2 protein chains.
Amino acid sequence: MGDKPTLNPRHNKAEVFARLRDAHAREVTEDYVEMIGDLINEEGEARSVALAERFGVTAATVNNTIKRLERDGFVTSRPYRSIFLTEKGETLAKKCRDRHQIVYNFLVSIGVDPDTAEFDAEGIEHHVSEETLRVFESAISS
Amino acid sequence: MGDKPTLNPRHNKAEVFARLRDAHAREVTEDYVEMIGDLINEEGEARSVALAERFGVTAATVNNTIKRLERDGFVTSRPYRSIFLTEKGETLAKKCRDRHQIVYNFLVSIGVDPDTAEFDAEGIEHHVSEETLRVFESAISS
DNA sequence: TTTTAAAGTTAGTCAAGGCTAAATTGATTT
DNA sequence: AAATCAATTTAGCCTTGACTAACTTTAAAA
Ligand SMILES: [Mn+2]
Ligand SMILES: [Mn+2]
Ligand SMILES: [Mn+2]
Ligand SMILES: [Mn+2]
């Protein structure tokens with residue numbers, strides 16, 4: 001109290017939170033394109049019902065989200081048919097899958113239980129900057 | 001394609017995402033109680049205007065959020081006066097501040113630039129389980 | 001003490017991301 | 001070919017968390 005804090009920490013906290021809000025706005029998109037890619041790889045196609053089952057949400061929710069992804073150019077879809085990634089979607093999916101794997105591997109490498117790592121990585125991945133990701137990467141291979 | 005994936009990963013992905021959605025539902029609350037605590041420590045009281053400035057949102061947004069925090073028992077407030085943490089709020093604030101610090105210190109300890117660590121920690125903190133936090137902690141002091 | 005400025009509140013709007021319930025479509029059986 | 005079942009879509013609702021604009025209250029200056 002009394003005087004101004006004048007300590008070292010960034011006085012511009014607002015930047016930090018603006019970036020955080022940005023990351024949040026991308027999370028669902030990132031998880032969806034990654035999952036759609038997984039489904040195409042594993043099962044040959046991505047159906048709404050499989051997305052709903054894997055995310056643990058209703059079919060209606062998946063439908064809304066897919067419409068948003070389509071609007072934003074990440075997927076294409078036709079009524080009652082399966083879902084495809086656009087180029088843009090595939091690019092994002094690959095980036096997210098790689099990042100996810102690095103985060104997961106890093107957590108396991110420092111001694112986190114694989115089961116716990118799977119939970120934590122799903123959230124952490126969206127908040128890891130390129131720089132931190134590279135640090136994680138080199139920590140794994142050392 | 002072809003056969004079932006039968007690999008090791010949890011088939012019950014839905015659990016992972018349910019936990020992720022839970023974490024998201026708590027993020028704003030956690031950042032607010034932590035920041036309110038910081039303001040009380042640094043400036044003697046927590047005013048709306050300071051929260052708005054630090055989070056980079058409008059006064060109206062702060063007002064809404066404070067009402068929700070009050071409804072949920074984390075803070076008390078009277079019109080045109082400053083904001084106080086309840087016992088419940090203080091407990092959460094302390095937990096969040098400690099966790100935030102551990103995450104930040106851990107990132108710096110593995111070689112992430114302090115500036116970047118500040119950005120990343122603000123998001124990562126909300127997705128780190130108790131177990132992972134303990135691993136971070138012992139990694140710092142070693 | 002009046003005026004003005006800053007802080008806080010209220011009202012109304014919006015998008016994201018959830019839900020349920022009901023309708024529709026497509027695929028599989030009979 | 002018809003009936004049935006599963007998948008998908010639509011409609012309508014809700015909360016969170018953001019905004020702007022207008023208003024009210026408190027605090028500071030004149
Ligand atoms: Mn992921
Ligand atoms: Mn994720
Ligand atoms: Mn924090
Ligand atoms: Mn945070």
Side-chain angles (χ1 to χ4, degrees), chain A residues 13-36 39 43-84 122-123 126, chain B residues 13-36 39 43-84 122-123 126:
Chain A
K13 284 273 178 198
E15 279 178 54
V16 174
F17 290 100
R19 189 188 280 203
L20 181 63
R21 287 190 295 271
D22 270 13
H24 282 152
R26 275 183 262 109
E27 290 198 18
V28 169
T29 295
E30 292 179 345
D31 286 335
Y32 266 71
V33 296
E34 188 185 347
M35 189 71 89
I36 291 166
L39 284 168
E43 309 187 354
E45 67 174 346
R47 309 286 317 201
S48 273
V49 67
L51 288 169
E53 194 265 330
R54 296 214 184 176
F55 286 124
V57 298
T58 64
T61 296
V62 170
N63 214 258
N64 280 342
T65 306
I66 294 303
K67 283 215 200 85
R68 195 168 52 251
L69 295 188
E70 193 159 22
R71 182 201 66 192
D72 296 341
F74 295 105
V75 305
T76 57
S77 75
R78 292 188 332 289
Y80 298 96
R81 294 267 134 58
S82 68
I83 298 145
F84 301 90
E122 197 58 73
H126 309 281
Chain B
K13 285 273 179 199
E15 280 178 53
V16 174
F17 289 101
R19 190 189 281 204
L20 181 63
R21 287 190 295 271
D22 270 13
H24 281 153
R26 275 183 260 111
E27 289 197 20
V28 170
T29 294
E30 293 179 345
D31 285 336
Y32 266 71
V33 296
E34 189 185 346
M35 189 71 89
I36 291 166
L39 285 168
E43 308 187 356
E45 65 174 350
R47 308 288 315 202
S48 273
V49 67
L51 288 168
E53 193 265 329
R54 296 215 184 175
F55 285 124
V57 297
T58 63
T61 296
V62 170
N63 215 261
N64 280 341
T65 305
I66 294 302
K67 282 215 200 86
R68 194 168 54 253
L69 294 187
E70 193 159 21
R71 182 201 65 189
D72 295 341
F74 293 106
V75 306
T76 57
S77 75
R78 292 187 333 287
Y80 297 97
R81 293 268 132 59
S82 68
I83 299 146
F84 300 90
E122 196 59 72
H126 309 281

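Below, chain A is the first sequence line, B the second, and so on; all start at residue 1. Being a predicted model, the structure only gives us computed values, none of them experimental.
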Tell me: CG of Leu20(B) to P of dG18(C), nearest whole Å? 9 Å
Base, sugar-phosphate, or nothing for Arg26(A), non-hydrogen atoms under 4.0 angstrom? nothing
Taking only side-chain N and O atoms of Arg47(B), does any of them lie within less than 4.0 angstrom of OP1 or OP2 on dG8(C)? yes
Is Thr61(A) touching bases, backbone alone, or none of the nucleic acid, heavy atoms closer than 4.0 Å? base
Asn63(A) has an atom CG; how far is it from atom P of dT24(C), in whole Å? 16 Å
Compare the minimum distances between each of dT26(D), dA27(C), dA16(C) and the side chain of Arg81(B), then state the nucleotide with the smallest one. dT26(D)
Could you check how far CG of Asn64(B) sits from P of dA18(D), rounded to whole Å? 10 Å
Nearest-Å distance for atom pair CZ/C1', residues Arg71(A) and dG17(C): 12 Å
For dT9(C), does OP1 or OP2 lie under 4.0 Å from any side-chain N or O of Lys67(B)? no
Flag the pair Phe55(B) / Tyr32(B) as yes when their ring centroid distance falls below 6.0 Å, and as no otherwise. yes
Strictly below 4.0 Å: does Arg78(A) bring a side-chain N or O up to OP1 or OP2 of dG26(C)? no
Select one nucleotide: of dG8(C), dT9(D), dG18(C), the one nearest the side-chain heavy atoms of Val57(A). dG18(C)
Using heavy-atom distances to pick each residue's nearest nucleotide on DNA chain D, tell me which of Asp72(B) and Ala60(B) is more 5'. Asp72(B)
Touch check for Val62(A), heavy atoms < 4.0 angstrom, all strands: base, sugar-phosphate only, or nothing? nothing
Rounded off to whole Å, could you give me the CZ-to-P distance for the Phe17(B) and dG18(C) pair? 11 Å
Is any N or O donor-acceptor pair between the side chain of Tyr80(B) and the base of dT24(D) shorter than 3.5 Å? yes
How close or far is atom C1' of dA18(D) from atom CD1 of Ile66(B), stated in whole angstroms? 15 Å
Without decimals, in angstroms, what is the distance between His24(B) NE2 and dA15(C) C1'? 17 Å
About how many Å separate CG of Leu51(A) and CD1 of Ile66(A), when rounded to the nearest 0.5 Å? 5.5 Å
Should Thr65(A) be listed as having a side-chain N or O under 4.0 Å from OP1 or OP2 of dG17(C)? no
Find which nucleotide of DNA chain C each of Ala59(A) and Pro79(B) is nearest to by heavy atoms, and output the residue with the more 5' nucleotide. Pro79(B)
Here the distance between atom C1' of dG17(C) and atom CD of Glu27(B), to the nearest Å, is 15 Å
Any Thr65(B) side-chain heavy atom under 4.5 Å of Val57(B) side chain: no
Judged by each residue's nearest nucleotide on DNA chain D, which is more toward the 5′ side, Arg21(A) or Ser77(A)? Ser77(A)
When you check the gap from the basic side-chain N to the acidic O, do Glu34(B) and Arg26(B) get nearer than 4.0 Å? no
Compare the minimum distances between each of dA7(D), dA7(C), dT9(C) and the side chain of Val49(B), then state the nucleotide with the smallest one. dA7(C)
If we ignore hydrogens and angles and just use 3.5 Å, is the side chain of Glu70(A) paired with the main-chain N or O of Ser77(A) as donor and acceptor? yes
Minimum heavy-atom separation for Ser82(A) and Arg47(A), please, with both atom names. CB-CD, 3.7 Å
